[in-house]
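Below is one structure, written out as structure tokens; the observations come after it.
Because the structure is a prediction, the values reported are computed rather than measured. Residue numbers start from 1 in every chain, and the chains themselves are labelled A, B, ... in the order their sequence lines are given, proteins ahead of strands.
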Amino acid sequence: MGAATAGTPGSPTRRRLLGGLLAAAACSAGPPRRAIAAEPPLAFGLTPVFMSSDLEVLEQLQAYLEAASGQAVQLVTRRTYQEITALLVSGQVDAAWICGYPFVQNRRELSLIAVPLWQGEPLYRSYIIVDAERSIDDWPDIAGDIHAFSDPDSNSGYLVTSALLAERGRRPDGFFRKSFFTYGHRNVVRAVASGLAESGSVDSYVWEVMRDMEPALTARTRVLHRSEPLGFPPVAAARARSGDRRTEALARALLSMHEDPLGQRVLALLRLDGFVPSEPRLFDPIAVKVALLRRVE
Amino acid sequence: MRRLSRAIGGWPVNVRVPLFVAILMVVVSAIVSERVLSRLAETQSRHLAELGGAYLDGLSSSLIPAVLRSDVWETFDTLDRAAGLYRGLALMHTVVTDARGTVIASSEPRGTATGTQLQQGFLDRFSLDGGLRVSDELARGYLRRELVYQDRTIGTVYAVVDISHLIGERREVLTALILTNAVITAILALLGYLVVTRMVRPLRVLSDHLQQGAEGRVQPIEAARLATEGETRRLFRSYNALVEAVNEREALTRRLAEEEKLASLGRLASGMAHEINNPLGGLFNALDTLKHHGEQTGVRRASIELLERGLVGIRDVVQATLLSYRAEGSPRPLRPADLEDIRLLLAPELRRRSLSLTWTAELGGELPLGAAPVRQAVLNLMLNACAASPEGSVVAFAARVQDRRLLVTIDDSGPGMPQEAVDYLTAARSGPTPFRAGPHLGLWLVRQLAESLRASVAVEGSDLGGTRLRLDIPFAAPEALSHVA
């Protein structure tokens, strides 16, 4: 599958938000306001989005991060996870809200800044969803489907389902009649709801938030399979930037977001509780899946 | 069809004209409606084709990158977003296939799944040249566009558009046309009825008067109706002038007929005088004989017998004449003696013209017929027969009863009756005398008498070489006898 347009360019994701929060945290302990103009803005990368009010989230996130980190923040969005990951690893962005899968893959080059808290935990799941009317009971029944993945670098939108198949010695190409990438978790829901795909792999956080915000769309889908809890997509920085003053300011902004009124509004928009520091081992289960997949391949 | 046409031809003109107007309007309406709807359909098709073309053009440029990569999601997403941008186009279904005809994505994935082949029946609905194809029956428009990249066809877009609103619009226009035209037709037909009724009113007046004229009552148009203007006034005046001329002619004919009657009477009187005069010499001789030799018994008896026979002959002649020309008086039935009277009255004319008479009268008693009109009619016809026959020739009379009818035949040796006289006598209904005044006016009298007797007259060739007239006189009902004077 080639690259696809996924959502509105410039929309935020939790990864973008994490980046913004990190920047804000760094800023809150950083230099006075007048120093902002003298420095280049902190580039915070955000991966594809799911919410229709993305622009509002972006504006508020940027405003909070700039206020909290005391530095100019530039939100950088790209269509695919891969593009943001490449920018992050190559240092073209200072920090980025990425997925656990690319974090695991690039663990040596990256350092964790913060992990979002969702429903009180830094965890989420991968869902396999199908048409709400479809009468199947277990995930193996989706064999032979047209299946919608989110992104080849997405944990919940690709890796988890692929690993599930790998445990049985199967690969998506052989298991499904056809599969394609939508480059956005919301698009996976749209694809399954419209009938374009018969099943899809989607982020549990996205599906649950959509159930709240776009109930008509999610009502046409049904969760067939829930994965075990996995580490929530983190905000990371290039290891070389670790300890950097600007990165630290971003981290502080993110970690204290729940204490700030503007930060609370951003968190409310994102349906998140806040950001917490975390150890890389949170993502070990994902690393296991990556290893499993490599063995099958 | 001919019967219908004949039936319609019998309808009044004030019905036929509105009917013709209505039929004409229906035909015109049908033609106009067909043209309007046809143009509307063309316009709708053109707009639909333009809008559809714009849709496909916009779609093509967005789709080509996705189709090149067979990107299912991007293709679907493009279709999904485009559907919302062309609200003027009631898109039902858009399908994108790759170069091999395999569906990449459809706007209705549940109906047309990714990875399938489109059915031939579906493909056949599209025009291969890329134009719009419309199916009114299915209320659908079908658009097809090939996706060409670097001179290669990399895929095809098929769009199905709902055109039921366009068909509905045409139906509304048709309904409006029908209603409008029906109202206009009804108004024009009503106007036509009123106008033509008004226009033909003078003709109807004229027609009514002509009808009355045909029934023998020729009346001028009342003065009140002459108060109109223009052609109607001229028409009425001309008609009244005609009526006046006809009535004058009728009056003249009656007068001439009366004169003819008098002339006949004159001839009869002359004959009668001769009949009376002839025995008078003998009677005077008998008187002289009585004066001079009255004392002789034999002479006296012989003279008195002679006087008696002479006076009886004179009395018979006078009585016959009185009976024939007595217009008034109580009617009485026809007796054999009435015919004998005619024979007596004819005698002088026969002698004068040296004609011989063949006479057959077989009445067998009284007949329920008015004596006076029969006598007058027969006498006139016999006088005509005598007049028509050359001197020294034969005239024949025969009368017999059959099936309660009196059948009379009169033959002459003349040159034959003029055709106009024959037509006049044998016509079903009498009218003004058709021929000029002349020696045939006696026929007018006969005709009048025949009508009063409800008799029919037939004319044919006679064995004598001249004309045979047949009078067929049905017996009158007893109560009617009193009216047949």
Side-chain angles (χ1 to χ4, degrees), chain A residues 1-9 11 48-50 52 79-81 130-134 142 144-152 154 157-158 172-173 175-202 214 216-217 220-221, chain B residues 58-86 91-119 122 147 149-150 152 154-160:
Chain A
M1 289 296 137
T5 54
T8 309
S11 308
V49 297
F50 64 92
S52 58
R79 190 171 48 188
T80 64
Y81 287 21
V130 294
D131 189 292
E133 304 292 327
R134 202 166 164 195
I142 63 173
D145 276 8
I146 295 177
H147 190 85
F149 288 120
S150 172
D151 190 292
S154 166
Y158 178 70
D173 287 350
F175 185 75
F176 296 118
R177 184 167 88 251
K178 185 177 182 67
S179 64
F180 59 87
F181 295 99
T182 66
Y183 297 95
H185 289 287
R186 183 173 178 274
N187 291 341
V188 172
V189 181
R190 280 176 62 201
V192 174
S194 69
L196 182 68
E198 292 160 306
S199 53
S201 299
V202 70
E214 296 179 89
L217 193 59
R220 283 148 61 190
T221 65
Chain B
L59 206 56
S60 298
S61 57
S62 306
L63 280 173
I64 283 174
V67 172
L68 278 172
R69 295 191 300 270
S70 291
D71 190 324
V72 175
W73 172 255
E74 193 174 340
T75 302
F76 173 79
D77 195 43
T78 303
L79 296 179
D80 200 38
R81 282 185 283 116
L85 297 176
Y86 292 85
L91 285 166
M92 299 190 69
H93 192 186
T94 308
V95 184
V96 181
T97 64
D98 62 18
R100 288 175 297 176
T102 306
V103 174
I104 297 175
S106 150
S107 63
E108 297 294 329
R110 292 181 196 280
T112 310
T114 296
T116 58
Q117 293 283 329
L118 291 174
Q119 292 184 348
F122 178 78
L147 298 170
Y149 182 73
Q150 293 182 352
R152 285 178 176 78
I154 58 167
T156 310
V157 186
Y158 300 91
V160 183

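Within a 6.0 Å radius of CZ in B/F122, other residues, nucleotides and ligands contribute more than 12 heavy atoms.
When all heavy atoms of B/V72 and A/K178 are compared, the closest pair comes out as CG2-CE, 3.4 Å. Nearest heavy atom pair, residue A/V192 against residue B/R110, reads O-NH2, 3.9 Å. In terms of heavy-atom proximity, B/D71 sits nearest to A/F181 at OD1-O, 4.4 Å.
Distance check: B/F76 CZ to A/R190 CZ gives 6.0 Å after rounding to the nearest 0.5 Å.
Heavy-atom pairs under 4.5 Å with chain B peak, among A/A197, A/A191, A/G195, at A/G195.
When heavy atoms are compared at a cutoff of 4.5 Å, A/L196 approaches chain B by way of both its backbone and its side chain.
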